[in-house]
Amino acid sequence: MSLIVQKFGGTSVADVEKIRAAARKAIRAQRQGHRVVMVVSAMGKNTDTLLDLASQVGDNPPAREMDMLLSTGEQVSVALVAMAIHELGAKATSLTGGQIGMKTDNSYSKARIQSISTERIERLLDQGNIVVAAGFQGIDDDLNITTLGRGGSDTTAVALAAVLGADACEIYTDVDGVYTTDPRKLPEARRVEVISYDEMLELASLGAGVMHSRSIEFAKKFGVPIHVRSSFSDTEGTMIVAEAESTTQPVSGAAMTADEARVTVLGVPDVPGKSLQIFSAIAARKIAVDMVVQNVGKDGRADISFTVPRGELKSTLQALDQVIAAVGAEGVTHDDQVSKVSVVGLNMATQTNVASRMFRALSDAGVNIQMITTSEIKISTLVPKDQAANALRAVHEAFQLHHRPDDAKSWKQIKADRGATDVETLVNRLRADALEALTLTGITLTKDQARVTLHGVPDRPGIAADVFEMIGEAKIFVDMIVQGYDGEDGSTSVSLTVEKKDLKRAMEVAESIRAKHGLRDIQGADNIAKVTVSGIGLRSHTHVATLLFDRLATDQINVEMINTSELQVNAVIDAAKAVEATEGLRKTFAESLR
Ligand code: ASP
Ligand code: MG
C-alpha cells in the first residue's frame, strides 16, 4: 500500500476551520487507499507568540527551556488535528517528536536529526490510523526536547518521508508552488511544474522562503520527491525533484535581495591565512557572508570584497575593527545602498554565453554591475539598490522565464523517462545514525586552468556584457567569473578562468577590450589549478569553507579566487601546490567523505 506524508504549515492550521480542512485532506487520501502520515506546524503565528512571551520573562532564556516552550506550539496543533479527524469519523493518533523516535543532537534551537525509529508509526498505520506527527521537534540522548530551527517542520516531513520510504511528500502551504521569481516583486513570475533540488537550494539561500533549506538537502540525499502545493485549492503545485523542468533552458529562476551591503577590506597582505582571519571573525558573529571576491593582488596586497545582509553591516564592521590591525590590512570601505540580483539554473553548468546574456540584459536596462560572482549553477551580481527592481525585470525577461520552456516536462513524464533506473542517491552509503550529517561526495582537482584579469574596468554599464560576449564569440568556455573593487579610483577588476589551452585566445580578446574601453592593464596566468569540495548542503554546514581555508593556510597555500555554492566550494590555487592541497583536504574531510 502506498504511503504519503502530508505536511501542513502554520497558515494551513491557523484556525479551527483550517484544521478541519487539513483533516479532510488526510482522510480523503486515506479513503483513496493510502497510508497517511501528517506532519503539522504550530497554529498560525503561535511560535512567534511563544518567543515573544519568553522575551517578556527575560533577555537570556536558557536554550533548553526555550525549546521546551517552542515545542508546545506543535503539540497543540497535532492534538487538535487528531481530534478533528476523529470528529469526521476516521482514526488518528497524534505523536510528539519524542514519540516518533526523532533523535537529534543536543544543539538546542538548531538541532540536527540523527535517527528516526519507525516501528511505532508503522504499527499505528497498520491499525488504520492516520498518524499526526509534531513537526520541528525531537529529543536528544538524554530525552531533552530539542527543536530543529525556524521552519523546521518541513525537515521533519521530508525526513519521515525518507525513512518511511513514502511515495510522496506533500507540503501544504499558503502559496501554490514555486515561482520563477517572487511574484510579489514581479507579477510576470511563472509557477513552475518542476524544479530541481539544487536550484531550489540556491534559490532558498537567495531568500526564496518557500521551504526550509535543510529539508531540501534531506530530500536530495534520499531522493524524496516533494510536492509543494496550496492548502486552499486543489491545483497541482510544484514538484521538487532531482531533475530540472527543461534540459536546455539555462536559467530556471531569478532572485533579488534588496537590502545588501558591500564591504571591502583594502590592502590585505597577499599571504596565506589572511582571508581565514577575516572571515572567522565575521563567522564568530554568525553573520552569513556572500559574494566573496578577492582581487588578484598587486604589490603583495589584495582587496577583499564581500556582501552581508544590510542589517548585519554594523556588526560586521565591528568584527572587522577588531581584526584589521592583526591582519595588517590598510582599511575598510562599505556601501549599504546595494542589492543582489541572481539567476539560477542547472543547465547553465554546461552552456556558454549565459553570463553574457545576463550582463547584456542589465546593460540594456542601464544597470551598472558593481560585483559579480558565479558558481556552477548561479550567477550573482551586485547592483545599486535603486536599479534593483529594474534589474530583476530585465533578467527575468532576457531568459524568457515567464514562458514555459518548449521542452519542459511534467513530473509524470520525468518519472516515466527514469523508467527502472533510480536517481542516484546517497542513501545506501549513509550510516543510519547520521541522517543529517555533513555528506561530502568528493574532493577533486582540475588541472591546466588559466586566469585572465582585467584591471581598471570603469564602473559603468555594458563592459561586462562586452567582455563575455566577445569571449563567447571566440568559443571559449569560461568557468569562474569574479568582479570586485580595485580599490583606489572606484574602478573594478574582472577575473575569469578558462582552460589553459584557451589562454592565448582569451588574452587576445582581453587586449581588444582593453583598447576599446581604455582599461588600465590586463594580466594572464597559466600556472593555476582548481580544487573542489563537493557535497550536499555546504552552506548550511558553514564550517566546510572555514575548514578548507584553514587547511590551505596551514599548508601555506595561497588562495587566488574562491567561489561557494550549495554544492561546491572551489578554490583557485597555484598549480605547483595542487596535489599537496588535494591530499591535505582529503585528510581534513576524511570523516565526511562517503
Ligand atoms: N512552528 C515552527 C516555526 O514557526 C516550525 C515550522 O513552522 O515549521 O518556525
Ligand atoms: Mg512555518
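In this text the structure is predicted, and so the values were computed from the model without any measurement. Just follow the structure's listing: the first ligand is 1, and inside any ligand the first atom is 1.
- Salt-bridge formation is not detected for the pair K412/E193: no Lys NZ or Arg NE/NH1/NH2 atom is positioned less than 4.0 Å from an Asp or Glu carboxylate oxygen.
- A heavy-atom distance below 4.5 Å is found between the side chains of E376 and N570.
- For F218, the ring-ring contact (aromatic ring centres under 6.0 Å, His included) partners at least two apart in sequence or on another chain are F222.
- Using a non-hydrogen distance threshold of 4.0 Å, G152 registers as a contact of ligand 1.
- With respect to the salt-bridge test (charged N to carboxylate O, under 4.0 angstrom), the residues R310 and E260 do not qualify.
- Neither the backbone nor the side chain of H212 has any atom closer than 4.0 Å to an atom of ligand 1 (non-hydrogen atoms only).
- Applying the salt bridge (charged side-chain N to carboxylate O under 4.0 Å, His left out) test to residues at least two apart or on different chains, the pairs with a partner in residues 140-149 are K103-D141.
- The R150 neighbourhood of ligand 1 comprises atoms 3 (C), 4 (O), 9 (O), with distances under 4.0 Å to a heavy atom of that residue.
- In summary, the atoms of ligand 1 found under 4.0 Å from a heavy atom of S41, numbered by their order in the structure, are 6 (C), 7 (O), 8 (O).
- Distances from ligand 1 to the non-hydrogen atoms of G151 include at least one value under 4.0 Å.
- Considering both main-chain and side-chain atoms, T47 comes within under 3.5 Å of ligand 1 through a nitrogen or oxygen pair.
- Among A157, G44, S153, the residue whose heavy atom lies nearest to atom 8 (O) of ligand 1 is S153.
- Counting atoms of ligand 1 from 1 in the listed order, those under 4.0 Å from a heavy atom of E74 are 1 (N), 2 (C), 5 (C).
- Salt-bridge annotation for R214 and E217: absent, with no side-chain N of the basic residue lying under 4.0 Å from a carboxylate O of the acidic one.
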